[in-house]
Amino acid sequence: QLQLVESGGGLVQPGGSLRLACTASGRALADYSLVWFRQAPGKEREGVSYISDSGLRNYLDSVKGRFTISRDNDKNTMYLQMNSLSPEDTAVYYCAAKPGSRRTISWQRTQYYDFWGQGTQVTVSP
C-alpha cells in the first residue's frame, strides 16, 4: 500500500513562494504517476500539475510559468515549487498517485488516482 504525506504548506504574502513536498512510503514512487490537486472552499477539486513515471509534465493553465513540478525517486518524494503566488492559489493541496502503467484520458480527473495524501493548506494573504 502506497502512503502519501504532504508538507510545506503555510501562510504567504502575494508574490511569495512556497515549496510543497509529497513523501511516499510503502512502495517505490518510481512506479507511479503523480499529481497535485487543490481544493478551495466551495469549489471542486482541480488538477494543478502532473508528472508521469517517465517525467512528462502537465500544468493547469493558470499556474503555467509560476509552478514547477518535480520528483526525486531516490528520496521517494515529489515537489511543487510555487512562485508568484496570488490569493487565487489559496486552497488545500493534495498529492495523489496512480500506477504508471495506467493510461488515462485526462490527468485532471480525480477518479484515476488510487492513493491520496491528507492535504496541506496554502493560504496567500497580505
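Within the 4.5 Å cutoff, no side-chain heavy atoms of Val12 are placed close to those of Thr123. Between Met82 and Asp89 there is no side-chain heavy-atom pair separated by less than 4.5 Å. Tyr93 places none of its side-chain heavy atoms less than 4.5 Å from the side chain of Gln39. Ser49 has its side chain out of reach of Phe67: every pair of non-hydrogen atoms, C-beta onward, lies at least 4.5 Å apart. Looking at heavy atoms from C-beta onward, Ser52 lies in side-chain contact with Ser33 at the 4.5 angstrom threshold. Residues Thr90 and Gln121 are in side-chain contact: their nearest non-hydrogen atoms beyond the backbone lie under 4.5 Å apart. Side chains of Leu80 and Leu18 form no contact here, defined as non-hydrogen atoms less than 4.5 Å apart.
With values rounded to the nearest 0.5 angstrom, Ser70 atom OG is found 8.5 Å from Gln81 atom CD. From Asp114, atom CG reaches atom CG of Leu2 across 9.5 Å, with rounding to the nearest 0.5 Å. Separating the CD atom in Glu46 from the OG atom in Ser62 is a distance of 6.0 Å, to the nearest 0.5 Å. Rounded to the nearest 0.5 Å, atoms CZ (Arg38) and CD (Glu88) are 9.0 Å apart. Distance CZ/Arg66 to CG/Asn83: 9.0 Å, rounded to 0.5 Å. Put simply, CG on Asn58 and CD on Gln108 are 8.0 Å apart, with the number rounded to the nearest 0.5 Å.
Between the side chain of Glu6 and the main chain of Cys95, a donor-acceptor pair closer than 3.5 Å is present. When atom types are taken as modelled, the side chain of Thr77 and the backbone of Asp72 share no donor-acceptor pair closer than 3.5 angstrom. In terms of modelled atom types and a separation under 3.5 Å, the side chain of Gln13 and the main chain of Pro126 share no donor-acceptor contact.
Looking at Val35, Asn73, Ile51 one by one, the single match for side chain to side chain contact (heavy atoms under 4.5 Å, CB included) with Met78 turns out to be Ile51. A side-chain hydrogen bond (donor to acceptor under 3.5 Å, both in side chains) with Tyr32 is found for one member of Arg71, Lys98, Arg27 and no other, namely Arg27.
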For side chain to side chain contact (heavy atoms under 4.5 Å, CB included), just list the numbers for Tyr79 and Ile69, CA-CA rounded to whole Å, side-chain angles, deciding distance to a tenth of an Å, and then say yes or no. CA-CA 6 Å; Tyr79 302 96; Ile69 194 169; over 6 Å; no
Walk me through whether Thr104 and Arg109 qualify under side chain to side chain contact (heavy atoms under 4.5 Å, CB included). CA-CA 9 Å; Thr104 60; Arg109 295 186 182 179; over 6 Å; no
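Within 6.0 Å of CG on Leu56 lie more than 12 heavy atoms contributed by other residues, nucleotides or ligands. More than 12 heavy atoms of other residues, nucleotides or ligands sit less than 6.0 Å from atom CD of Gln111.
Both the sub-6.0 Å distance and the 45° axial angle are not jointly satisfied by Arg45 relative to the ring of Phe37.
Hydrophobic clustering (side-chain heavy atoms under 4.5 Å, transitive across Ile, Leu, Val, Met, Phe, Trp, Tyr) groups Leu20 together with Leu34. At a threshold of 4.5 Å between side-chain heavy atoms, the hydrophobic network of Ile, Leu, Val, Met, Phe, Trp and Tyr places Tyr59 and Val48 in one connected group. There is no path of hydrophobic side-chain contacts, each under 4.5 Å, that joins Tyr50 to Leu60. A single hydrophobic cluster is not seen to contain both Val92 and Trp36; linkage of ILVMFWY side chains at heavy-atom distances under 4.5 Å, directly or through other members, places them apart. In the hydrophobic cluster analysis, where Ile, Leu, Val, Met, Phe, Trp and Tyr join through side-chain heavy atoms closer than 4.5 angstrom, Trp107 is grouped apart from Leu29.
Using cut-offs of 30° and 60° for the angle between ring planes, the Trp116 and Tyr94 rings count as perpendicular.
Across every non-hydrogen atom of Leu11 and Ser125, the tightest pair is CD1-CB, 4.1 Å.
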